[in-house]
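Each remark here refers to the structure printed beneath this line.
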Amino acid sequence: MAHQIRDLPDRAGETVTVSGWTAAVRVHARVAFVVLRDGTGVVQGVVVKSAVPEEVWTLATTLTQESCVALSGTVRPDPRAPGGHELTVTGVELIGGSEEYPIQPKEHGVEFLLDHRHLWLRSNLQRAGLKVRAEVEQAIHDFLYERDFVRVDTPILTGAIGESAGTLFETDYFGERAFLAQTGQLYVESACPAFRRVYCFGPTFRAEKSKTRRHLTEFWMVEPEVAFADSNDNMDLQEAFVCYLVRRALERCKAELEVLGRDVTRLESVVPPFPRISYSEAVERLNAEGREFEWGRDLGAVEEATISSWFDRPVFVYNYPKEAKAFYMKENPDDLRTVLCNDLLAPEGAGEIIGGSQREDDHDRLLARIHEEGLPEEAYDWYLDLRKYGTFPHSGFGLGLERTVGWITGRPHIRELVPFPRLINRLTP
RNA sequence: UCCCGCGUAGCUCAGCUGGUAGAGCAGACGGCUGUUAACCGUCUUGUCGCAGGUUCGAGUCCUGCCGCGGGAGCCA
């Protein structure tokens, strides 16, 4: 078994073999440099012509970019090496050769890179971003597990449910119409009486024809749901959750954030409490700034950007007008024009990363809302059942993984924060 | 769906008020003990997105279509 590059600093003076892929090969007259990446780190192998057999020199100097090789040699500390250590090569074994590698160490266009996404994954920025994603995913599970949430996996293939059928991907299910899930919420609500605190975490699908840096047609969303939690409890949970995710990235992805050039001081200020501003207050303040925003309209991208610019950390905007929000949100008893809900807007232009609400738990009011929205009552009969058999106050939210990781990493487009992005015009690779 | 911008070599791009195709990188060969996207020299590479139009002549101007990027709406 080959050694890991990560462990080489502890093995100075030892003879080791490391296997990996050649990030770069630089050949001079009597010395050659082979930069090897193995997934745990990067090390530069130094091949001195006079010190190795001729076949080792010949093989080493004809290696192409992204060949898979095993390098044997002695670990040697060297201040000139990027990682502080180098490998004085004594042997080279070619495991898998590489033809002319498409991605050069230079600027490329987005379309070209996405066409070569299966190879692009190997590059520094992409590895760093996806590593942060994996850490945040793990942190999501850890946070919720530590707080006694039970993970409930919800179906991806569904019958006619959801908020509006226009944004659902349709598929054939043995002659019946089926849709790819755009939320697991209705299912986690059902599991709530079984486990009290539940969540689902998986891919969701939106057939929206959006072409922006914040949209994917397939993205991952974590949706916690808590019995006996009101809208304020809900925001408390979101606040603790987001702080935990950011802190985990700061603690365990230092190197990756460095590669990404992220200004971590902006992340270090993400601590409780987050500002909370009601929709009505936000509209008042927007108008005070001369925005001429009419109460009742949903906040657009410009308004959201303005609101988040008022603060140095994520901001809750809560209790939107009923017309702007989904049918299942509970009416605000203090202002019947609004519902008990919240968005969480991340700073630095990242935008909305969470949408949450207290759910309507009264059967008749929920039914009335379904009728108001012109939704088919029969599609929601089982959802209405939850209000007939031991209804209970409960709240939950959905956090978009890619948007959250996009904000934490500071990458401008969330398509880089998912290994194989699905966009309106991209289904491969 | 709407608005704005772009489409030239394998890749990244230049190409002016129209005059018949260029650079860097990659690739091949040669040179150089220490390079960090190495450097130096030589060589190879084109349906200028597609179709039509204006013109003596179109990569360049006009129209349509296609593709891509960004934004709006919608949302996470």
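Side-chain N/O atoms of A:H215 include none lying less than 4.0 angstrom from OP1 or OP2 on B:rG71. OP1 and OP2 of B:rC75 both lie 4.0 Å or more from every side-chain N or O belonging to A:R206. Here A:R297 does not reach the OP1 or OP2 of B:rG73: none of its side-chain N or O atoms lies under 4.0 Å away. The phosphate of B:rG69 (OP1 or OP2) has a side-chain N or O of A:N425 nearer than 4.0 angstrom.
Judged by distance alone, the side chains of A:E289 and A:W310 do bring a donor and an acceptor atom under 3.5 Å apart. When only modelled atom types and interatomic distance are considered, A:E416 and A:Q126 share a side-chain donor-acceptor pair under 3.5 Å. Judged by distance alone, the side chains of A:Q65 and A:T22 never bring a donor and an acceptor atom under 3.5 Å apart. Side chains of A:H394 and A:Q358: no donor on one and acceptor on the other come within 3.5 Å. Under the 3.5 Å distance criterion, with hydrogens and angles disregarded, no donor-acceptor pair is assigned to the side chains of A:S309 and A:T306.
Remark: B:rA21 base-pairs with no nucleotide; criterion is Watson-Crick or G-U wobble with both hydrogen-bond distances under 3.5 Å. Taking a pair to require two hydrogen-bonding distances under 3.5 Å in either a Watson-Crick or a G-U wobble arrangement, B:rA28 pairs with B:rU42. Look at B:rA14: it lacks any Watson-Crick or wobble partner with both distances under 3.5 angstrom.
Separation of the P atoms belonging to B:rG22 and B:rU44 is 13 Å when rounded to the nearest angstrom. A gap of 15 Å separates the P atoms of B:rC11 and B:rA26, to the nearest Å. Taking the P atom of each, B:rU63 and B:rC6 are spaced 14 Å apart, rounded to whole Å. Taking atom P on both nucleotides, B:rC13 is separated from B:rA28 by 24 Å, rounded to a whole Å. The C1' atoms of B:rG49 and B:rA37 are separated by 30 Å, rounded to the nearest whole Å. For the C1' atoms, the distance linking B:rC25 with B:rC43 amounts to 16 Å, nearest Å. With C1' as the reference atom, B:rU45 and B:rG10 are 9 Å apart, rounded to whole Å. A distance of about 28 Å separates the P atoms of B:rA38 and B:rG15, rounded to the whole Å.
For A:R403 against B:rC75, a side-chain N or O and a base N or O form a donor-acceptor pair under 3.5 Å. A donor-acceptor contact under 3.5 Å is not formed by the side chain of A:E99 with the base of B:rG27. For A:S210 and B:rC75, a side-chain-to-base donor-acceptor distance below 3.5 Å is absent, hydrogens and geometry of angles not being considered. Contact of A:H28 with B:rC39 (side chain to base): no donor-acceptor pair of N or O atoms is detected under 3.5 Å. Between the side chain of A:T212 and the base of B:rG70, no donor-acceptor pair of N or O atoms lies under 3.5 Å. You won't find any donor-acceptor pair under 3.5 Å spanning the side chain of A:Q104 and the base of B:rU12, going by distance alone.
By the 4.0 Å N-to-carboxylate-O rule, A:E281 lies too far from A:R285 to be salt-bridged with it.
The listed nucleotides are B:rG34, B:rG70, B:rC75; the one nearest the side chain of A:V46 is B:rG34. Of the candidate nucleotides B:rA38, B:rC75, B:rG70, B:rC75 has the atom lying nearest to any side-chain atom of A:E304. Here B:rG69 is the nucleotide among B:rG34, B:rG69, B:rA76 with the atom lying nearest to any side-chain atom of A:K211. Taking only side-chain atoms of A:A301, from C-beta outward, the nucleotide of B:rG34, B:rG70, B:rG73 with the closest atom is B:rG73. For A:E111, the listed nucleotide lying nearest its side chain is B:rC68; candidates were B:rC68, B:rU35, B:rC32.
If you measure from atom CZ of A:F169 to atom P of B:rC75, you get 16 Å, rounded to the nearest angstrom. Nucleotide B:rC68 holds its C1' atom 11 Å from the CG atom of A:L114, rounded to whole Å. Taking atom NZ of A:K325 as the reference point, atom P of B:rC75 lies 7 Å away to the nearest angstrom. In this structure, A:H108 places its NE2 atom 17 Å from C1' of B:rC68, rounding to the nearest Å. Here the C1' atom of nucleotide B:rA76 and the CG atom of A:D298 are 14 Å apart, to the nearest Å. The CG-C1' distance, from A:L216 to B:rC74, rounds to 14 Å in whole Å. Put simply, CE on A:M221 is 7 Å from P on B:rA76, counting in whole angstrom units. One can place CG of A:D115 at 18 Å from P of B:rG7, the figure rounded to the nearest angstrom.
Screening A:R248, A:R252, A:R247 for a salt bridge (Lys or Arg N to Asp or Glu O under 4.0 Å) involving A:D142 leaves a single residue, A:R248.
Checked against a 6.0 Å centroid threshold, the rings of A:H118 and A:F420 do not count as neighbours.
Here A:F219 packs flat against the base of B:rA76; its ring centre is closer than 5.5 angstrom to the base's six-membered ring, tilted by less than 30 degrees.
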